[in-house]
Amino acid sequence: MATQAHSLSYAGCNFLRQRLVLSTLSGRPVKIRKIRARDDNPGLRDFEASFIRLLDKITNGSRIEINQTGTTLYYQPGLLYGGSVEHDCSVLRGIGYYLESLLCLAPFMKHPLKIVLRGVTNDQVDPSVDVLKATALPLLKQFGIDGESFELKIVRRGMPPGGGGEVVFSCPVRKVLKPIQLTDPGKIKRIRGMAYSVRVSPQMANRIVDSARSILNKFIPDIYIYTDHMKGVNSGKSPGFGLSLVAETTSGTFLSAELASNPQGQGAAVLPEDLGRNCARLLLEEIYRGGCVDSTNQSLALLLMTLGQQDVSKVLLGPLSPYTIEFLRHLKSFFQIMFKIETKPCGEELKGGDKVLMTCVGIGFTNLSKTLK
């Protein structure tokens, strides 16, 4: 399948994950040149090399060629294999960096994926495992990816710079995806959250909760923020604390926001009160943006719509993030699919920012490698 498809060529280190994930799903080889060619420290970084090793573990027959300096990468994808895998992620980026791509690939494996990822569970750059568990998993369920083997479990927490966290992700395989019609975001009915603290006083988590509630209580009474204080070996190697908040709407949409403290030895110390208040404000901003999928998972939703059956899928999103816009361009080059994009200015009933209605017809992608029972 991969041999006939002509390869695509890109330059630069941006959007590396998008290109490799879409290459794997479409079976089209990809060549990326000039990866940080002008940099003092040229070529692929550790976390990108670790991502490529992860792709190699979950596929069968992938061909990966990297030149001496690491500035050119050629990737010819194999078949998605799955099975039981363990992977040590780079501590330079969070586990969320790897997990976001696994969520895109996991439903199309030959065998159900069960993967143990070790590294940093919560940092300031990537979506934390808590947020992906609360928002991306319900989104996948909308597409018909569900079952008792579908879970994401945090065994240990790890904060940067030391890491030491561990999560287990397992996902069933599907032959086809259901088309979706997510056009009614609904109203916010409850807010849930998780305030975590590791290797610091457990009182930190309580202080975060109080300050976050001081803002959110003005809007809605149904707020519950859990505190999670991990001890001993489960608390990873570095101290830190943070908060992730998720707002659920009447129509089953989840919008999220999160903040983590500065890594040990980097930047000024953050007061838990400030962190709680700022995170609450971020959640209110995300609710203002609105839509049926929050800004972290826009590209995941659009990818699964593209790969759906040959039927119309619609989703109402808030303003598109720059990452999503680039993702739409990549979808066009890998799958020749174009979305119909209609702007919905915020009327009286749609309070908040302007919305975008995305419509597409799925390409009818079927998981041919799924084993027949």
Side-chain angles (χ1 to χ4, degrees), residues 1-10 13 15-32 35 44-67 70 72-90 93 95-119 132 136 140 143 145 149-150 152 167-177 299-300 303-304 306-307 327 330-331 333-335 363 365-372:
M1 180 179 92
T3 46
Q4 283 85 30
H6 65 281
S7 81
L8 289 158
S9 179
Y10 290 104
C13 64
F15 312 107
L16 179 85
R17 285 182 306 165
Q18 282 185 17
R19 290 165 183 166
L20 295 181
V21 164
L22 292 173
S23 161
T24 311
L25 287 168
S26 63
R28 299 179 68 174
V30 66
K31 184 169 190 177
I32 302 171
I35 301 174
L44 290 164
R45 295 279 178 268
D46 278 355
F47 61 88
E48 291 162 335
S50 174
F51 178 72
I52 294 167
R53 280 197 294 276
L54 175 61
L55 278 183
D56 193 35
K57 283 180 188 174
I58 58 171
T59 56
N60 194 354
S62 291
R63 206 170 108 224
I64 300 158
E65 293 169 12
I66 300 171
N67 72 346
T72 306
L73 162 72
Y74 176 74
Y75 175 71
Q76 186 175 345
L79 297 172
L80 284 163
Y81 190 75
S84 284
V85 185
E86 290 194 12
H87 185 66
D88 292 323
C89 305
S90 164
R93 295 295 288 263
I95 288 178
Y97 176 83
Y98 303 87
L99 206 49
E100 275 187 302
S101 300
L102 284 175
L103 288 163
C104 300
L105 298 170
F108 309 107
M109 302 279 177
K110 183 178 174 73
H111 301 292
L113 180 69
K114 185 172 194 301
I115 185 162
V116 178
L117 295 167
R118 297 191 186 88
L132 289 175
L140 286 168
F143 287 92
I145 303 160
S149 65
F150 185 46
L152 175 55
V167 302
V168 181
F169 173 55
S170 56
C171 180
V173 285
R174 286 287 171 267
K175 196 164 169 68
V176 287
L177 298 180
S299 52
L300 175 63
L303 174 69
L304 295 174
T306 304
L307 299 174
F327 188 72
H330 281 122
L331 280 176
S333 21
F334 281 96
F335 290 110
I363 58 166
F365 186 89
T366 48
N367 181 0
L368 296 175
S369 56
K370 180 175 187 280
T371 42
L372 297 169

Separation of K57 NZ from I52 CD1 (nearest 0.5 Å): 13.5 Å
Contacts of type salt bridge (charged side-chain N to carboxylate O under 4.0 Å, His left out), residue R19, not counting sequence neighbours: none
Test item: T24 side-chain N/O and L20 main-chain N/O as donor-acceptor pair under 3.5 Å: yes
Heavy-atom neighbours of K31 NZ exceed 12 at 6.0 Å: no
Non-hydrogen atoms of P29 and P77 that approach each other most closely: CA-CD, 3.8 Å
Approximate separation, where rounding is to 0.5 Å, of T306 OG1 and L331 CG: 4.5 Å
Test item: N67 side-chain N/O and T72 main-chain N/O as donor-acceptor pair under 3.5 Å: yes
Closest heavy-atom pair and its distance - V173, M109: CG1-O, 3.2 Å
Close side-chain approach of Y98 and S50, heavy atoms under 4.5 Å: yes
Shortest non-hydrogen contact from C89 toward I95: SG-CG1, 4.3 Å
Any residue meeting side chain to side chain donor-acceptor pair (under 3.5 Å) with R63, in chain and number order, not counting sequence neighbours: E65, Q76
Residues that F143 engages under ring-ring contact (aromatic ring centres under 6.0 Å, His included), provided they are two or more places apart: none
Sequence-distant partners of S84, side chain to side chain contact (heavy atoms under 4.5 Å, CB included), two or more places apart: K114
pair F334-L8: side-chain heavy atoms closer than 4.5 Å: yes
Test item: I64 and L55 side chains (from C-beta on) under 4.5 Å apart, heavy atoms: no
Ring centres under 6.0 angstrom apart (Y10, H330): yes
ring-ring contact (aromatic ring centres under 6.0 Å, His included) against F108, all qualifying residues, sequence neighbours excluded: F365
Partner set under side chain to side chain contact (heavy atoms under 4.5 Å, CB included) for A136, not counting sequence neighbours: L103, L132, N297, L300
Partners meeting side chain to side chain contact (heavy atoms under 4.5 Å, CB included) with S299 (sequence neighbours left out): Y323, F327
Minimum heavy-atom distance between G70 and I35, given as atom pair plus value: O-CB, 4.0 Å
Spatial distance of atom CD (E48) from atom CD1 (I66) [nearest 0.5 Å]: 10.0 Å
Full working for side chain to side chain contact (heavy atoms under 4.5 Å, CB included) between L25 and F335: CA-CA 9 Å; L25 287 168; F335 290 110; 4.0 Å; yes
Side chain to side chain, L303 and L22, heavy atoms closer than 4.5 Å: yes
Heavy-atom donor-acceptor pair, N367 side chain to R174 backbone, under 3.5 Å: yes
Audit row: H6, R28, side-chain hydrogen bond (donor to acceptor under 3.5 Å, both in side chains) steps and yes/no: CA-CA 7 Å; H6 65 281; R28 299 179 68 174; 2.8 Å; yes
CG-CG distance between L140 and L304, expressed to the nearest 0.5 angstrom: 6.0 Å
Residues which pass ring-ring contact (aromatic ring centres under 6.0 Å, His included) with F47, listed by chain and number, not counting sequence neighbours: Y97
Residue pair S101 / R17: nearest heavy atoms and the distance that separates them: OG-CD, 3.6 Å
Within residues 77-89 or reaching into it, pairs that qualify as salt bridge (charged side-chain N to carboxylate O under 4.0 Å, His left out) - sequence neighbours excluded: E86-R118, D88-R118
Side-chain heavy atoms of V168 within contact of L117, under 4.5 Å: no
Residue pair L113 / L80, side-chain heavy-atom distance below 4.5 Å: no
Side chain to side chain donor-acceptor pair (under 3.5 Å) involving S149 - partner list, sequence neighbours excluded: none
Non-hydrogen atoms of C104 and V21 that approach each other most closely: CB-CG1, 3.9 Å
Flag side-chain contact, heavy atom, 4.5 Å: V167 against I115: no
ring-ring contact (aromatic ring centres under 6.0 Å, His included) partners of F150, counting only residues at least two apart: none
Listed partners of S62 passing side chain to side chain contact (heavy atoms under 4.5 Å, CB included), at least two apart: D56, T59, Y75
